[in-house]
Amino acid sequence: MSIHLPDPIARYVQIANFNTPEAVPECFAPDAIVHDEGQTYEGLAAIRNWMATTKKKYGHTVAPLELTERGGQSILKARLAGSFPGSPITVNFSFVLADGKIRSLEIRS
């Protein structure tokens with residue numbers, strides 16, 4: 001079964017899986033915010049650095065399972081596999097999209 005993802009979310013998954021953090025501006029707004037592992041990352045440079053550091057640390061992949069819309073958010077349930085305890089796990093990626101870009105992303109397991 002294939003899941004149709006909005007373009008910015010599909011691009012985020014590609015960037016995460018193929019370790020191309022330099023492509024962050026293709027899917028994130030310039031003033032985007034990411035919340036992950038108790039930290040907040042604001043702006044393209046911080047998000048690019050977060051993606052590169054996280055990939056190096058965990059070597060993870062993101063496999064989309066389902067997408068739902070709730071309260072102005074696109075919630076992507078995905079299987080996250082990598083070099084971390086308990087892998088693979090199911091994670092919720094809560095995206096807020098605007099003007100064809102990701103405005104915010106919160107990742108919760």
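Just so you know, these numbers come straight off a predicted model, no measurement behind them. Positions are given from 1 along the sequence.
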Point to revise | Glu22 side, atom CD; Thr20 side, atom OG1 - distance, nearest 0.5 Å | key: 5.5 Å

Revision key, fill the gap. Taken to the nearest 0.5 Å, the spacing of Ser74 OG from Leu67 CG works out to 5.5 Å

Exercise for review: For residues Pro8 and Gly100, report the shortest heavy-atom separation together with the two atoms involved.
Suggested key: CG-O, 3.4 Å

**Study point:** Phe84 atom CZ, neighbour heavy-atom count above 12 within 6.0 Å
**Key:** yes

Exercise for review: Would you give the length of the straight line joining atom OH of Tyr41 to atom CD1 of Ile47, rounded to the nearest 0.5 angstrom?
Suggested key: 10.5 Å

Donor-acceptor pairs under 3.5 Å, side chain of residues 28-38 to any protein atom, not counting sequence neighbours: which ones?
| residue | atom | partner | partner atom | Å |
| --- | --- | --- | --- | --- |
| Asp31 | OD1 | Arg103 | NH1 | 2.6 |
| Asp31 | OD2 | Arg103 | NH1 | 3.4 |
| Asp31 | OD2 | Arg103 | NH2 | 3.3 |
| His35 | ND1 | Thr40 | OG1 | 3.0 |
| Asp36 | OD2 | Trp50 | NE1 | 3.0 |
| Glu37 | OE2 | Tyr58 | OH | 2.8 |

Practice item. Say whether Arg11 and Gln14, considering side chains only, have a donor N or O and an acceptor N or O under 3.5 Å apart. Key: yes

Check your understanding: Counting only N and O atoms by type, is there a donor-acceptor contact under 3.5 Å from the side chain of Ser87 to the main-chain atoms of Gly82?
Key -> yes

Practice item. Is it possible for you to say whether Val24 and Val96 belong to one hydrophobic cluster, with membership spreading through side-chain heavy-atom contacts below 4.5 Å? Key: no

Check your understanding: Is the CG atom of Asp7 crowded by more than 12 outside heavy atoms at less than 6.0 Å?
Key -> no

Review point. Is there a donor-acceptor pair under 3.5 Å between the side chain of Lys77 and the backbone N or O of Thr90?
Key: no

Point to revise | Asn49 CG to Leu44 CG distance, which is reported to the nearest 0.5 Å | key: 12.5 Å

Check your understanding: Under 4.5 Å between side-chain heavy atoms, hopping through other hydrophobics if needed: is there a path connecting Ile89 to Leu105?
Key -> yes

**Study point:** Smallest separation among heavy atoms of Lys101 and Pro25, with atom names
**Key:** NZ-O, 2.6 Å

Practice item. Take Leu97 and Ile9, measure what side-chain contact (heavy atoms from CB on, under 4.5 Å) needs, and give me the verdict at the end. Key: CA-CA 9 Å; Leu97 305 177; Ile9 296 175; 4.1 Å; yes

Review point. Going from NZ on Lys55 to CG on Asn17, what distance comes out if it is rounded to the nearest 0.5 angstrom?
Key: 5.5 Å

Exercise for review: Enter the distance from Tyr12:OH to Leu5:CG here, rounded to the nearest 0.5 Å.
Suggested key: 12.0 Å

Review point. Should Ile107 and Val13 be regarded as members of a common hydrophobic cluster, given that ILVMFWY residues are connected when their side-chain heavy atoms come within less than 4.5 Å of each other, either directly or indirectly?
Key: yes

